[in-house]
Amino acid sequence: MKPMGPIPPGYEARDGELVIAGQRASHWIAQAGRTPLFVYDGAMIDRRIAYLRSAMPARLAIHYAIKANSFAPLLARMTGLVDGFDVASGGELAMAMSAGMDAARISFAGPGKDDAEIAAAIAAGATLNLESARELDRALAAGERLGIAPRLAIRVNPDFDLKGSGMKMGGGAKPFGIDAARVPALVRRVVEAGAEWRGFHIFAGSQALDADAVIETQAQTLALAVRLSEDAGVALPHCNLGGGFGIPYFPGDTPLDIAAVGAALGEALAALPGAYADTHFAIELGRYLVGEAGVYLSRVLDVKDSHGECYVVIDGGLHHQLAASGNFGTVVKRNYPVAVANRFDASAADYEQTVVGRLCTPIDRLADKVALPPIADGDVIAIFCAGAYGASASPAAFLGHAPAVEILA
Ligand SMILES: *Cc1c(COP(=O)(O)O)cnc(C)c1O
């Protein structure tokens with residue numbers, strides 16, 4: 001038997017069934033008309049953001065990195081909940097704008113922006129987080145063609161990374177951002193060219209659960225932003241401190257201590273020199289905001305034995321929920337929290353079973369040798385922590401099955 005991650009708080013049984021957003025799983029399946037489906041609990045996202053705001057310093061803006069989940073109804077709801085969106089492609093820029101987010105509150109990072117994307121961002125009035133000196137040249141040229149002063153920030157590749165983070169995005173050689181040593185000269189070029197200087201974007205990593213590591217990284221990030229502004233001799237209007245707040249996915253994971261992070265950040269901001277009193281600070285989060293609010297529901301198509309091992313075959317798979325198969329940025333495959341949705345209160349969860357998707361590939365293994373109640377055809381398997389990097393981060397076209405239904409409850 002192998003352990004699985006913790007089921008997020010807030011999921012209960014009613015009449016034996018898993019309840020999501022106040023309704024039984026069977027209600028959502030009936031509404032979708034088929035399985036598999038993702039259900040996102042909007043009220044859970046509201047509560048998460050309200051809690052985060054109560055813990056963070058009041059002057060800190062909260063941005064949503066929409067690549068975590070760009071389902072249109074969810075984006076529309078998020079526009080009223082967060083202070084800005086961070087996008088990573090022209091497609092995401094268009095989604096953010098059609099969700100109703102004011103372009104002045106959108107920033108666009110990502111290595112490899114093409115000229116059409118750069119022009120679209122400038123024309124809309126979004127901020128471009130520059131990832132190279134060459135991109136600065138192209139943004140200035142596009143601004144000139146359009147007759148608009150582009151809003152430009154610099155994404156800094158910091159000299160440190162977020163310790164214990166699941167995905168490292170800074171420290172040493174990286175395709176993201178501009179090495180810190182090269183930044184002051186580029187800041188001066190942005191200002192001299194007459195562009196609107198929008199400050200720094202410094203993102204050091206993702207999926208951290210250790211508050212001390214996040215606190216240390218935020219302190220290093222602030223110190224770096226101050227040092228680079230001073231070296232450039234230019235005031236700092238905005239600073240995006242990155243994010244990296246993780247959620248518990250795996251056995252032994254415990255929630256990040258948000259209160260400790262917020263208190264330390266409040267002190268760190270208060271201790272900045274007076275020249276930064278008017279600087280706007282932001283964090284950008286994806287999975288922390290939406291990850292635990294999503295559940296993937298998939299029906300059992302077959303249960304079979306092979307050499308003494310029990311396989312449960314569901315009508316979904318990694319084409320919808322790649323991350324649960326361990327093939328999206330994790331080094332070691334560990335089990336996400338899973339349960340039987342129609343028998344969520346089952347006490348005899350002691351049969352070792354492996355839940356596999358329906359794809360013809362050995363990597364479509366969604367829960368490996370986990371303890372579940374005995375499973376029969378027609379049962380519904382719930383995979384938790386499916387609100388982020390599920391539908392938007394899975395190879396939906398692989399093998400030609402239908403996409404999953406998505407519902408914002
Ligand atoms: C992906 C990404 C995020 C969001 O990461 P999460 O781990 O989902 O919070 C934030 N900022 C940048 C630059 C990213 O690339």
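Both counts, for ligands and for their atoms, begin at 1 and track the order of listing.
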Please indicate whether any nitrogen or oxygen in [X] is less than 3.5 Å from any nitrogen or oxygen in ligand 1.
X    : value
E284 : yes
F203 : no
Y288 : no
R155 : no

Relative to the ring of Y40, is the ring of F38 parallel (under 30°), tilted (30 to 60°) or perpendicular (over 60°)?
parallel
Mind telling me whether Y336 and F250 have parallel, tilted or perpendicular rings, with 30° and 60° as the class edges?
perpendicular
Within the side chain of N129, is there an N or O that forms a donor-acceptor pair under 3.5 Å with the backbone of I154?
no
Could you list the atoms of ligand 1 found under 4.0 angstrom from a heavy atom of [X]?
X    : value
H201 : 13 (C)
Y389 : 1 (C), 4 (C), 5 (O), 6 (P), 8 (O)
S206 : 5 (O), 6 (P), 7 (O)

Does NZ or CZ of R334 lie under 6.0 Å from the centre of the six-membered ring of Y249, at an angle within 45° of the ring axis?
no
Between S392 and N69: side-chain donor-acceptor atoms closer than 3.5 Å:
no
Which atom of P337 lies closest to which atom of C385, heavy atoms considered:
CG-SG, 4.1 Å
Report the part of A65 in contact with ligand 1, treating N, CA, C, O as backbone and CB onward as side chain, heavy atoms under 4.0 Å; options are side chain, backbone, both, neither.
side chain
